[in-house]
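Because the structure is a prediction, the values reported are computed rather than measured. Note on naming: letters A, B, ... go to the chains in the order of the sequence lines (proteins, then strands), and numbering restarts at 1 for each one.
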Amino acid sequence: MAECVRVDSSTSTHTMDKSITLPPDEIFRNLENAKRFAIDIGGSLTKLAYYSTVQHKVAKVRSFEHNTKEAASDKLYEISVQEEVTARLHFIKFENAYIETCLDFIKDHLVNTETKVIKATGGGAHKFKELIERKLGLKVDKEDEMTCLIKGCNFVLRNIPHEAFVYAKHADSEFRFQTTHPDIFPYLLVNIGSGVSIVKVESEDKFERIGGSSIGGGTFWGLGALLTKTKRFDELLQLASKGQHTSVDMLVKDIYGGSYGSLGLTGDLIASSFGKSATADKEFSKEDMAKSLLHMISNDIGQLACLYAKLHNLSRVYFGGFFIRGHPVTMHTITYSINFFTKGEVQALFLRHEGYLGAIGAFLKGAEEDNPNQYSWGENYAGSSGLMSVSPDMNPMQRARSGTFDMLEMDRLERQLVNLPLLQDPSSYIPDTVDLTEDALAREYWLYCFEEALDGVVKRAVASQPDIPEATERAEKFRQKYRHKLQTLRHQPFAYGSLTVRSLLDTREHCLNEFNFPDPYSKIKQRENDVALKYYQKAVKSLEELSWEQRQFALVRGVLAGNVFDWGAKAVSDVLESDPEFGFEEAKRQLEERPWLVDSYDQWLERLKGPPHKCALFFVDNSGVDIILGVMPFVRELLSRGTEVVLASNSGPALNDVTNGELQILTERIAAMDPVIQAGLREDRLTLVQSGSSSPCLDLSRLDKVLAMVVRERQTDLVIIEGMGRAIHTNYYAMLSCESLKMAVIKNSWLADRLGGKLFSVVFKYEVPAGKPSQDSAALTPS
Amino acid sequence: MDFSLGAAVFYFHPLKCSVKLNRSFPWFGMDIGGTLVKLVYFEPVDITAEEEQEEVENLKSIRRYLTSNVAYGKTGVRDVHLELRNLTMCGRTGNLHFIRFPTQAMPRFIQMGRDKNFSSLHTTLCATGGGAYKFENDFRTMADLELLKLDELDCLIHGLLFVDRVGFNGHPECYYFQNPSDTQSCVKKPCTLDNPFPMLLVNIGSGVSILAVYSETNYKRVTGTSLGGGTFLGLCCLLTGCETFEEALEMASKGDSTNVDKLVKDIYGGDYERFGLQGSAVASSFGHMMSKDKRDSISKEDLARATLVTITNNIGSIARMCAVNEKIERVVFVGNFLRINTVSTKLLAYAMDFWSKGQLRALFLEHEGYFGAVGALMELLKTTEDP
């Protein structure tokens with residue numbers, strides 16, 4: 001049971017400046033399959049968007065035909081790796097200076113495209129029109145800038161869970177990501193380009209420019225250049241971040257000698273911007289003037305935004321445009337201004353992919369026939385650069401960043417994802433239990449933990465493809481990629497939204513997929529399923545011999561013991577790897593004795609004495625012992641009680657979690673042995689659905705649309721969530737509108753410590769939503 | 001204890017005067033702002049021979065000094081054209097004089113107060129504006145004078161309503177612009193604030209305060225902005241090297257802001273029809289200045305004009321939003337930023353009219369920046385020593 005030992009590895013985590021000579025297969029990826037293009041050319045940056053298809057390997061399972069000879073083999077099903085083609089959106093951002101080089105590159109690699117036009121937006125589209133048409137041989141088709149911006153904004157808000165954030169300069173984590181409200185409308189978008197446009201967005205197609213101001217980024221830049229003789233926007237911001245505005249601005253205390261108490265105006269408030277510079281006999285430093293100018297413009301924009309928000313009764317206000325674009329200095333001053341003018345009632349929101357909105361929108365305009373808005377999309381962590389801090393002062397190496405390529409990739413998801421209808425309050429639901437962006441100690445532990453586990457993952461990946469010689473090389477590439485991601489996250493924990501155990505796990509899955517390791521655990525899962533299935537009947541029989549009350553307890557212990565078998569948890573994978581005989585009985589012995597760390601078993605038992613549930617939705621976890629000897633008998637009991645069961649398993653592989661494909665086969669096999677399960681299937685009282693996810697964790701706000709439909713149709717009144725990833729790392733605090741049962745064994749001693757338990761402590765959390773009394777009389781004490 | 005005060009003053013019942021305890025002269029009201037000190041002085045013209053005899057020498061000399069000069073020291077100015085003649089206040093008839101000097105000259109003013117032995121006069125110096133607080137101690141220690149400090153917004157409203165009531169020597173105090181959208185036919189028209197409430201009062205001094213006024217005593221400060229007269233002058237000084245407001249305005253009157261500002265048509269080639277923006281609208285103030293070529297080709301006059309237009313439009317925009325939010329249709333602009341500044345008054349009139357599609361009307365007052373000082377003087381007359 002190896003424990004993670006802390007080793008200081010931070011010395012080796014220097015992020016090097018990326019030069020312009022990035023390997024081309026990493027910049028314009030999948031260009032050969034590019035189908036559609038769009039370009040957004042701003043004042044200094046170009047954003048290119050293209051839609052492409054990606055061919056990658058997926059693991060499929062297929063039941064052996066019973067009548068073939070192969071059936072004699074002791075394997076349950078065969079695993080095959082197939083090529084699958086999926087759709088991906090690529091977005092690349094680079095400096096306008098590289099536009100010609102990039103166009104040449106694209107030209108050379110564009111082989112398969114049939115497209116004749118390129119959608120273009122942004123102020124620079126006009127300027128580069130001729131160049132693009134000449135280089136690419138595509139006709140430039142201009143799209144309205146604001147329309148593109150709004151379309152892009154809707155797209156990211158809808159598809160990227162942690163898109164919006166609040167900026168807090170002095171907080172432990174500068175970026176506080178927001179859960180996007182399921183209904184993203186209405187909102188106010190304040191776009192601060194050279195001027196300011198204030199747009200009210202009411203629906204996908206309905207938006208209106210309700211106001212604006214001529215005092216914007218161009219004013220800062222233009223006036224700043226005149227006042228300080230500094231030409232570049234970035235340099236002006238840098239000057240501003242070093243200046244003292246109080247030598248230039250007339251403050252309330254300069255007029256009053258102190259505060260203006262009766263109006264609640266503090267002495268430090270600016271009464272008159274540049275009010276002290278109305279004198280000929282004084283010199284002012286560039287820094288001070290730049291700072292004063294920055295305050296003047298930020299405050300003014302903030303004030304107008306607040307007035308418009310108030311007038312139109314809008315509380316969600318997003319800020320974008322080149323004035324904002326990730327600059328901590330301007331995000332801070334705008335945030336300050338909004339807080340001041342609304343007394344905290346409205347929060348200034350910023351967007352992680354703000355710079356891409358125009359390009360995304362232009363692309364969507366051109367891709368309407370592909371109906372991109374009918375699909376769900378997911379950010380591919382493997383291919384996206386993530387958000388960087390661009391403060392020149394906070395991170396000196398960022399100076400070079402503008403010269404590098406920034407990327408965003410969005411994968412089209414197979415399934416359309418929606419909220420679980422049983423969430424108590426979808427707008428406040430946060431899947432993750434610990435936000436590692438805010439919790440520095442936890443962050444440090446988990447980053448370290450994932451780094452430590454990397455060798456094992458690489459080994460596992462190689463072992464999963466024994467017949468493919470270049471697997472080692474690919475696995476090595478995977479190692480580099482994921483390690484680099486971990487290092488990036490160490491410096492910029494906010495790079496992909498809130499950093500969580502889930503996002504670390506998902507990033508790892510994305511990276512594995514990227515290097516064609518679609519399911520490194522497929523063989524292990526297969527073996528374990530085979531073995532466990534042999535014990536199924538015996539397990540069921542021994543349960544049936546117990547009294548009702550004994551059986552209920554044994555079933556719960558079975559689910560918990562089964563859940564000890566988990567390759568995702570380091571402490572366990574060590575044991576499993578060294579001692580394959582570690583059996584189900586052994587696992588039961590390892591389990592904590594009652595009272596458990598979180599223990600509402602008594603309430604659960606009381607509830608079982610009452611009438612059966614109408615329908616239970618069960619989010620399952622691992623293959624093998626877990627699903628077969630733990631979950632299935634439990635399901636069997638529910639069915640026997642007259643409760644319908646919906647088993648939700650992952651759509652795609654993640655660690656040794658059972659996938660929907662595998663579970664289909666397993667359930668059939670079990671049905672062949674067990675009349676209860678068989679009847680359940682036959683009578684449609686046992687249903688298998690896919691979750692829509694390929695993560696070891698669970699985001700109840702992004703679930704398969706079919707699942708949501710089934711849940712609603714069957715009037716589900718019990719949700720069971722099993723396993724550390726789904727019930728502890730995520731959803732531990734999730735509030736549901738029906739009864740819920742969260743069961744897990746803590747297989748990580750750090751986490752156990754955190755929760756006040758020890759290794760193999762048990763969490764058994766049965767909850768009844770407030771206002772819905774449990775059907776028996778037993779009062780529940782919240783665990 | 002009602003008595004005849006003259007209709008105008010009588011209207012304000014808070015203004016209670018005592019016949020017996022006639023406030024002793026001199027009568028001053030003072031508003032010490034961030035940039036300018038505004039001083040109003042009531043010169044009694046109904047002094048009886050008896051009074052004349054009793055009048056102490058330095059009081060006489062103050063009166064003579066103030067009324068026989070139009071400039072004081074290097075920077076003090078009496079706005080003779082604003083003088084309100086034969087005004088009745090607190091039972092006395094006299095002329096109200098309007099004097100201003102830079103706040104920077106405050107130390108010299110206090111010095112003068114000491115030299116003239118002001119403290120020996122049995123009067124209270126009523127002062128408002130931030131400087132009443134800032135310089136209170138200096139008045140006390142240097143000139144042995146106790147200030148009666150008054151809230152500047154109270155004074156502003158009282159003073160404004162008073163002056164509007166008494167009128168401007170037989171003419172209305174208030175005016176507006178007819179046809180504000182048409183530079184050819186745009187003309188200044190006098191009017192009265194017959195039924196003044198509610199009004200949105202926009203006071204543009206160094207900074208800007210915006211008040212929603214529902215009655216003489218019921219008002220709230222809606223918001224303010226730090227982009228005000230001080231910003232115009234401060235930026236102009238930095239950009240053009242000018243030194244005074246007059247100089248800055250003079251330059252602005254000759255400049256062309258479209259050389260400095262980026263217009264909608266500079267970006268879109270014409271109107272931005274998708275959003276109904278005219279090509280001539282400013283898209284980005286100082287937007288052309290992002291380019292070095294343009295920076296090298298503009299004049300100081302252009303810069304002054306652009307600064308003026310930027311600040312004015314911004315105030316107009318915020319005022320308009322406040323008016324809509326507060327549901328008030330009448331927007332009254334005051335403050336010394338508007339002094340000799342027809343570029344701004346016309347621009348504000350236009351902005352209110354154009355953006356509200358004629359719903360809002362901008363009103364202006366002749367005594368622009370002096371209402372706080374007048375309000376302070378009224379407090380003096382109201383302050384009665386009666387038990």
[X] portion near chain A, given a 4.5 angstrom heavy-atom threshold:
X: Y272(B); value: side chain
X: L303(B); value: side chain
X: E273(B); value: neither
X: E136(B); value: neither

Heavy-atom pair of closest approach, residues [X] and [Y]:
X: F284(A); Y: L238(B); result: CD1-CD2, 3.7 Å
X: D254(A); Y: K134(B); result: O-NZ, 2.6 Å
X: D151(B); Y: Y260(A); result: OD1-OH, 2.8 Å
X: M290(B); Y: S194(A); result: CE-CB, 3.8 Å

So which residue, [options], ends up with the most heavy-atom pairs under 4.5 Å with chain A?
options: L277(B), T244(B), N137(B); answer: L277(B)
options: V260(B), V324(B), V208(B), I32(B); answer: V324(B)
options: K220(B), E152(B), K262(B); answer: E152(B)
options: S284(B), C237(B), G230(B); answer: S284(B)
options: M289(B), R221(B), K294(B); answer: M289(B)
options: F232(B), Y133(B), F275(B); answer: F275(B)

For chain B, which of [options] has the most heavy-atom pairs under 4.5 Å?
options: I270(A), L227(A), V196(A), D300(A); answer: D300(A)
options: S277(A), S292(A), G195(A), G275(A); answer: S277(A)
options: I215(A), L269(A), V252(A); answer: I215(A)
options: A225(A), G222(A), G216(A), S273(A); answer: S273(A)
options: G217(A), G218(A), G212(A); answer: G218(A)
options: G257(A), S262(A), S272(A), S197(A); answer: S272(A)

Do the non-hydrogen side-chain atoms of [X] and [Y] ever get within less than 4.5 Å of each other?
X: S317(B); Y: L304(A); value: yes
X: L227(B); Y: N299(A); value: no
X: I255(A); Y: T103(B); value: no

Is it true that atom [atom1] of [X] has more than 12 heavy atoms of other residues, nucleotides or ligands lying nearer than 6.0 Å?
X: H126(A); atom1: NE2; answer: no
X: D296(B); atom1: CG; answer: yes
X: K206(A); atom1: NZ; answer: no
X: Q104(B); atom1: CD; answer: no
X: Y336(A); atom1: OH; answer: no
X: E204(A); atom1: CD; answer: yes

Does the T219(A) side chain pair with the main chain of S285(B), one donor and one acceptor, at a distance under 3.5 Å? yes
Taking Q303(A) for its side chain and G224(B) for its backbone only, find out whether a donor-acceptor pair lies under 3.5 Å. yes
Structural part of [X] lying under 4.5 Å from a heavy atom of chain B:
X: L263(A); answer: side chain
X: L265(A); answer: side chain
X: F341(A); answer: side chain
X: M289(A); answer: side chain
X: M296(A); answer: both

With side chain to side chain contact (heavy atoms under 4.5 Å, CB included) as the criterion, how do T307(B) and L223(A) come out once you've worked through the C-alpha distance, each side chain's angles and the decisive distance to 0.1 Å? CA-CA 10 Å; T307(B) 310; L223(A) 249 180; 5.8 Å; no
Spatial distance of atom CD (E326(B)) from atom NZ (K310(A)) [nearest 0.5 Å]: 5.0 Å
